[in-house]
Amino acid sequence: MKHYEANFDGLVGPTHNYAGLSYGNVASLNNAAAISSPKAAAKQGLKKAKALADLGLAQGMLAPQERPDLHTLRRIGFSGTDAEVLNKAAKQAPALLRACCSASSMWTANAATVSPSADTHDGKIHFTPANLVDKLHRSIEPETTGNILAATFNNSRYFHHHQHLPEHVSFGDEGAANHTRLCNEYGHAGIELFVYGQEATNPSAPKPKKYPARQTLEASQAIARLHQLDDESSVFIQQNPDVIDQGVFHNDVIAVGNQNVLFYHEQAFVDTQKKLAEIQDKFNGHELHFVEVPTAKVGIQDAVKSYLFNTQIVTLPNGEMAIIAPTNCQENEAVHAYLNELVTLGTPIKQVHYFDVKQSMQNGGGPACLRLRVAMNETELAAVNPNTLMTDELFNRLNLWVDKHYRDQLAIEDLADPQLIVESRTALDELTQIMKLGSVYQFQK
Ligand code: SUG
C-alpha cells in the first residue's frame, strides 16, 4: 500500500485585505490599511499548490469562507437588507465589519488538527477544526471550516470529524500550526508533537508578557484525547514565551517537521534538551535528524521577517526532501546563506524551491500557513472528494474562476461596498459547483 502526505492549500477568498487584525503578528500590524490584490493573492497560492502537484506530491485545495460574514453581523444586532447591514456596520462599528471581512481562512494550517489513521486507535483519520478564539476575525471560522472539511473528506468509513473545542480562552486552539508529526514512513505510526504557548489552568506557569499565547496546553491535550492518540506517541512542548513576544505567534513560525526531520530554531522551545530526549525515546530507536538553527546564524527577527521556518519540508518521489520557501527567504542575506549551506550539511534536506506568496506574507502567512497536511494511504486518498484534488484541469478552472470574480485591488474602504457581497457569493456558489461541495455556506442554506 502506498502512503502520501497530501497538502490541502487554502484557496484565497475574494475579500483578501490588510486590516491589521492580528495583534502579535508583526506583518499583519505593519501592513494594516495597505491595498491588497485578491486576484494576485489567489493566483500566487494556486501557483504554489500546482507546483507541488507537479513535483509529484498529493495536493488538494480547501474552499474559502463566506465573507463579508453577514450572518455574524446579524447575530450582533445589525438588521435590514444585506446592504443595510453592511452600511450600518461600516458606520457604527467599522472594526467589527473588518473582522467580518477577513479572508483569513486561506491559512489552512489553522483550519484544523489532523491525526492520520496510523496513529489513532480506531484506524481513522481524525480532524478537529481549530476554534481560533484568540482573534475575533478568526473565531468565526470553525463552523464553516467543519462543513468544508466534511465536504472534502466526505467518507465516514475513513474520516472522523470532531466539533471544534469549547469556545473559551482555556481551550485556545490554532490547529496544525502548533502540531507536527514525526514518523519513519508516512504510513507508520508516528510521534505527534503539540506545541503550546501557555497553560490556562496553571497561573504560575510561564507565559509571554506582551503578545498573546494563542494555543493552550489544555487544548492540545483535548485534541490528543479526541484523536485517540497514545501517551507513548504524544509529546507536549511549551513554546518559548520570549519568542512569542518577538512575533512568533504560532510554532510554525519557529519550527517545522517532516518524517524524521525536525527543523527548529535554537530558541523555539522551553526545556529543549529534555523534550528532544523524550521525542528520541518515543521514536523507538529509528534515526532522527534534529536540525537546530543557531541564533548566531539566524536571529529571531530574521526568522520572523523571512519566515525561514514557515517553509514546507516535503519528501519528493525520489525520497529526497525539499524546502518550499517564500522568496522573502532569498531576499534576507543571513537566511539565504543559511539555506544554501543547509542543503550541503548531509541532512535529508537537499533542495530549496522559492515561491512568491507575498500577498499572504504581508498578513503573516507563509507557504506552510497556506497548507493543511493530511497523511493518507492510497485507499484513503481515493476516498477524498476528487474534485478538490489538484490537476491541470482544476488549476486552469480555478484560475479562470479567479479572473472572472476577483478584484485586482481592494482597499479597506471597499469592504463597505455591498457589491462585494454579491461578487463574493456569486464566486463561492460557482466554486461549490466546481468542487462539488454541496451547500457549505450560510447563504446557501
Ligand atoms: O492568524 N493573519 C493570520 C496569519 C496566520 C498564519 N498562520 C500560521 N502561522 N499557521 C493570523 O494572524 C491577518 C489578517 C489581517 O490583519 O487582515 C491574519 O489573520
Side-chain angles (χ1 to χ4, degrees), residues 7-10 12-13 15-38 41 45 62 64-65 67-69 94-114 129-142 145 172-180 195 197 211-215 239 243-244 247-257 268 303-312 324 326 328 357-373 410-412 414-415:
N7 290 295
F8 281 79
D9 280 41
V12 177
T15 63
H16 161 64
N17 70 87
Y18 299 119
L21 299 173
S22 275
Y23 181 65
N25 167 346
V26 185
S28 152
L29 295 192
N30 287 348
N31 291 297
I35 299 202
S36 64
S37 173
L62 290 173
Q65 305 234 341
R67 296 288 180 271
D69 181 354
L96 297 182
L97 174 62
R98 289 198 285 276
C100 289
C101 290
S102 178
S104 51
S105 67
M106 70 168 90
W107 300 297
T108 50
N110 305 118
T113 307
V114 184
N131 62 22
L132 298 165
V133 288
D134 185 64
K135 299 279 178 269
L136 173 60
H137 69 291
R138 305 220 59 181
S139 70
I140 54 180
E141 293 177 26
T145 298
D173 178 22
E174 302 274 322
N178 296 314
H179 174 255
T180 304
V195 183
Y211 291 144
R214 288 160 71 158
Q215 181 84 31
Q239 199 182 342
V243 300
I244 296 180
V248 181
F249 57 99
H250 286 138
N251 175 60
D252 68 5
V253 179
I254 199 84
V256 56
V304 171
K305 264 194 224 138
S306 67
Y307 264 34
L308 168 62
F309 299 95
N310 202 265
T311 44
Q312 297 174 244
I324 308 299
N328 306 59
V357 287
K358 287 220 164 87
Q359 285 287 324
S360 169
M361 283 289 287
Q362 286 177 197
N363 251 338
C369 298
L370 286 162
R371 62 91 173 95
L372 181 67
R373 289 184 282 188
L410 198 66
I412 290 300
D414 299 331
L415 300 176

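Numbering of ligands and ligand atoms starts at 1, following listing order.
Residue E174 places no N or O, backbone or side chain, under 3.5 Å from any N or O of ligand 1. For a threshold of 3.5 Å applied to N or O pairs, the pair formed by H250 and ligand 1 contains at least one separation below that value.
R138 counts as a contact of ligand 1, since one of its heavy atoms falls under 4.0 Å from the ligand.
Between N25 and G364, the shortest heavy-atom distance links the atoms OD1-CA, 3.7 Å. Closest approach of A41 to H16, counting heavy atoms only: CB-CD2, 3.4 Å. The minimum heavy-atom distance between A109 and D252, with the atom names listed, is CB-OD2, 3.9 Å. The two residues N110 and R138 come nearest to each other via the heavy atoms OD1-NH1, 2.9 Å. What you find for I412 and A33 is that their closest heavy atoms are CG1-CA, 3.9 Å. Shown here for W107 and G365, the closest heavy-atom pair between the two residues is NE1-CA, 3.4 Å.
With a 4.0 Å cut-off on non-hydrogen atoms, L21 touches ligand 1 through its backbone as well as its side chain. The proximity of N110 to ligand 1, defined as any non-hydrogen pair under 4.0 Å, is limited to the side chain. At a heavy-atom distance under 4.0 Å, atoms from both the backbone and the side chain of A19 approach ligand 1. At a heavy-atom cutoff of 4.0 Å, ligand 1 is contacted by the side chain of R214 but not by its backbone.
Of all atoms in ligand 1, listed by their number and element, those nearer than 4.0 Å to a heavy atom of N363 are 2 (N), 3 (C), 4 (C), 13 (C), 14 (C), 15 (C), 16 (O), 17 (O), 18 (C). Proximity to H137 (heavy-atom distance under 4.0 Å) selects the following atoms of ligand 1: 14 (C), 18 (C), 19 (O). Near G20, with a cut-off below 4.0 Å to any heavy atom, the atoms of ligand 1 are 15 (C), 16 (O), 17 (O). Below 4.0 Å from some heavy atom of N17 lie the following atoms of ligand 1, by number and element: 17 (O). The distance from ligand 1 to the heavy atoms of G364 drops below 4.0 Å at these ligand atoms: 4 (C), 6 (C). The contact set between ligand 1 and A109, taken as ligand atoms under 4.0 Å from a residue heavy atom, comprises 10 (N). Heavy-atom contacts of A177 reach the following atoms of ligand 1: 10 (N) (cutoff under 4.0 Å). Below 4.0 Å from some heavy atom of S28 lie the following atoms of ligand 1, by number and element: 13 (C), 15 (C), 16 (O).
Of the candidates L370, V12, N310, I324, V357 forms a side-chain contact (heavy atoms from CB on, under 4.5 Å) with just one, namely L370. Each of H179, Q215, R214 was evaluated against E174; a single residue qualifies, R214, per the side chain to side chain donor-acceptor pair (under 3.5 Å) test. Results of the side-chain contact (heavy atoms from CB on, under 4.5 Å) test with S22 over P212, S28, S104 single out S28 as the only residue that passes.
Between Y23 and Y211, the ring-plane angle classifies as perpendicular under the 30° and 60° cut-offs.
Of all protein heavy atoms, the one closest to atom 12 (O) of ligand 1 is S22 OG, 2.7 Å. The nearest heavy-atom contact from the protein to atom 10 (N) of ligand 1 is D252 OD2, 2.7 Å. Scanning the protein heavy atoms around atom 8 (C) of ligand 1, the nearest turns out to be C369 SG, 2.8 Å.
Atoms CG and OG1, on L372 and T145 in that order, are 10.0 Å from each other to the nearest 0.5 Å.
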